[in-house]
Q: 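Can you read through this structure? Questions will come right after.
Start at 1 and go down the list; that is how both ligands and their atoms are numbered. Treat the numbers as computed from the prediction; the structure is a model and nothing was measured.
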Amino acid sequence: MIKNIGILTSGGDSPGMNAAVRAVGKLALHKGIEVYGIKRGYLGMLNDEIFKMSEEDFGGIIDRGGTTLLTARCPEFKDPKIRAIAAKNLKKRGIEGLVVIGGDGSFHGADCLFKEHDIKVVGIPGTIDNDIIGTDYTIGFDTCLNTILDAMGKINDTAISHERTILVEVMGRGAGDLALYASLAGGGDGLLIPEQDNPIEVLAYQLQKRRKIGKLHDIVLVSEGVGSAIEVAETLKEKIQTDIRPVVLGHVQRGGTPSGFDRILATKMGAKAVEILSQGHGGVMIGIEGNVIVTHPISHAWEGEKTISKEDYELALILSR
Ligand code: ADP
Ligand code: F6P
């Protein structure tokens, strides 16, 4: 029976990470497993910022955005010699299992610890980008989507008043999910995502057509993976006569209290992580597929390419006309 586990958050923070930490911590303690918090992700593992956690550390955090364990990016972790130092810091405390909450970069680091140092790792997908293979949703995506929808509502008011075209740049790295589902749920009038060819001429034509049928304002979702909304606005200005403004939503998208969906997802995934570790297993990631919590080998997260739903994309295009 595993006695001690570590937990860390790594990469970009996402709302719901704390809810996952809470679930892992409380359930592990319930099973008699000691829990060590590791601050600042792999950087803290390397710098030995590791502390024993107790019930109080898991209280009052389920609704808090960000991550109380703090997060960081630690490029040195790609070096096996650096990872060996970090692994030693775990082993000297008898930490045999590790829960890594983060994106696919963080999962890569976890996989290395598993293969090189036999640390039983479990990856929980925490990122607003929803870009991890093996899960329909990542923790933080839903909250972020709702933040974008809130912003779209406000932007819509001023777009209507001024009869403008507003290009809203949203995050997502190489994934267009945030833009796609913001368009579907927020009534977007145009959509540019990296998974699809996005000729500006097609967007320009579509916006002109909208004017002809009396639609005098537009909200266009621009996924950051396509490029900057500011640059798209400059190109678009050469093709259509409407008054255009780019809006970059930026890091406001990463904050805020997690939605109910993200809290439940984080809680269920956290519970599954503890179940796996308590059975002595590791080297896996957790996902949700078709509303069922599933596990995959952690390397599944980067095998192949995460695609968007073509059906949903087509739907968003039709509805944006
Ligand atoms: P995310 O986990 O959100 O995808 P990053 O890609 O920035 O975020 O990765 C977070 C951290 O994971 C990196 O700073 C690094 O410490 C670690 N990491 C990323 N890629 C690798 C890799 N190939 N090998 C080992 N560690 C990695
Ligand atoms: O991966 C999460 C994310 O917010 C991406 O959507 C975005 O491209 C990136 O992180 C921003 O990173 P940083 O916080 O380093 O500016």
Q: So, regarding Tyr42 and ligand 1 (criterion: nitrogen or oxygen to nitrogen or oxygen, under 3.5 Å), is there a contact or not?
A: no
Q: What is the closest protein heavy atom to atom 16 (O) of ligand 1, and at what distance does it sit?
A: Cys74 O, 2.7 Å
Q: Considering non-hydrogen atoms only, spot the tightest contact between Glu275 and Ser278 and give its length.
A: O-OG, 2.9 Å
Q: How far is atom 26 (N) of ligand 1 from its nearest protein heavy atom, and which residue and atom is that?
A: Gly109 CA, 3.4 Å
Q: What protein heavy atom is closest to atom 2 (O) of ligand 1, reported as residue, atom name and distance in Å?
A: Ser106 OG, 2.5 Å
Q: To which protein heavy atom is atom 4 (O) of ligand 1 closest, and what is the distance rounded to 0.1 Å?
A: Gly105 N, 3.0 Å
Q: I want to confirm something. Looking only at heavy atoms, which of Glu224, Met171, Arg73, Arg173 is nearest to atom 12 (O) of ligand 2?
A: Arg73
Q: I'd like to know whether ligand 1 has Arg83 as a neighbour, heavy-atom separation below 4.0 Å.
A: yes
Q: Taking the non-hydrogen atoms of His251, is any one of them nearer than 4.0 angstrom to ligand 2?
A: yes
Q: How far apart are the C-alpha atoms of Lys306 and Asp104, what are their side-chain angles, what is the distance that settles it, and do they pass the salt bridge (charged side-chain N to carboxylate O under 4.0 Å, His left out) test?
A: CA-CA 11 Å; Lys306 170 108 181 169; Asp104 68 329; over 6 Å; no
Q: Tell me which protein heavy atom sits closest to atom 24 (N) of ligand 1, plus the residue, atom name and distance to 0.1 Å.
A: Lys78 CG, 3.7 Å
Q: Of Arg210, Arg164, Lys209, which meets salt bridge (Lys or Arg N to Asp or Glu O under 4.0 Å) against Asp218?
A: Arg210
Q: Other members of the hydrophobic cluster containing Val220, with the 4.5 Å side-chain heavy-atom rule, please.
A: Leu167, Leu192, Ile200, Leu203, Leu207, Val222, Val226, Val232, Leu236, Ile240, Ile244
Q: Show the atoms of ligand 1 that are less than 4.0 angstrom away from any heavy atom in Gly12.
A: 3 (O)
Q: Measure the distances from the heavy atoms of Met45 to every atom of ligand 1 and state whether one is below 4.0 angstrom.
A: no
Q: What is the nearest protein non-hydrogen atom to atom 1 (O) of ligand 2, stated with its residue, atom name and distance?
A: Asp129 OD2, 2.6 Å
Q: Run the contact test for Asp104 against ligand 1 with a 4.0 Å cut-off on heavy atoms, strictly below, and give the result.
A: yes
Q: Salt bridge (charged side-chain N to carboxylate O under 4.0 Å, His left out), that's the test. Do Glu34 and Lys3 meet it? Break it down for me.
A: CA-CA 6 Å; Glu34 295 282 5; Lys3 288 200 184 76; over 6 Å; no
Q: Looking at residues at least two apart in the chain, or sitting in another chain, which of them share a side chain to side chain donor-acceptor pair (under 3.5 Å) with Thr242?
A: Thr165
Q: Using the six-membered ring wherever Trp is involved, compare the ring planes of Phe77 and Tyr42 and label them parallel, tilted or perpendicular (cut-offs 30° and 60°).
A: parallel
Q: Starting from the C-alpha separation in whole Å, work towards a yes-or-no answer on salt bridge (charged side-chain N to carboxylate O under 4.0 Å, His left out) for Asp118 and Lys120.
A: CA-CA 6 Å; Asp118 196 28; Lys120 304 271 185 287; 3.5 Å; yes
Q: If we only count N/O pairs under 3.5 Å, is Gly103 in contact with ligand 1?
A: yes
Q: Looking only at protein heavy atoms, identify the closest one to atom 11 (C) of ligand 2 and say how far it is in Å.
A: Arg254 NH1, 3.6 Å
Q: Looking only at protein heavy atoms, which one is nearest to atom 11 (C) of ligand 1, and what is the separation?
A: Ser10 OG, 3.7 Å
Q: Return a yes/no value for Gly172: is any of its N or O atoms, backbone included, closer than 3.5 angstrom to an N or O of ligand 2?
A: yes
Q: Distance only, no hydrogens: is a donor on one side chain within 3.5 Å (strictly under) of an acceptor on the other, for Thr68 and Asn18?
A: yes
Q: Between the side chains of Asp262 and Thr143, is a donor N or O closer than 3.5 angstrom to an acceptor N or O?
A: yes
Q: Relative to the ring of Trp302, is the ring of His108 parallel (under 30°), tilted (30 to 60°) or perpendicular (over 60°)?
A: parallel
Q: Of all the non-hydrogen atoms in the protein, which one sits nearest to atom 7 (O) of ligand 1, and at what distance?
A: Arg73 NE, 2.9 Å
Q: In terms of residue, atom name and distance, what is the protein heavy atom nearest to atom 8 (O) of ligand 1?
A: Gly11 CA, 3.6 Å
Q: With heavy-atom distances below 4.0 Å as the criterion, list the atoms of ligand 1 near Phe77.
A: 16 (O), 25 (C), 26 (N)
Q: How long is the gap from NZ on Lys154 to CE on Met152, to the nearest 0.5 Å?
A: 13.0 Å
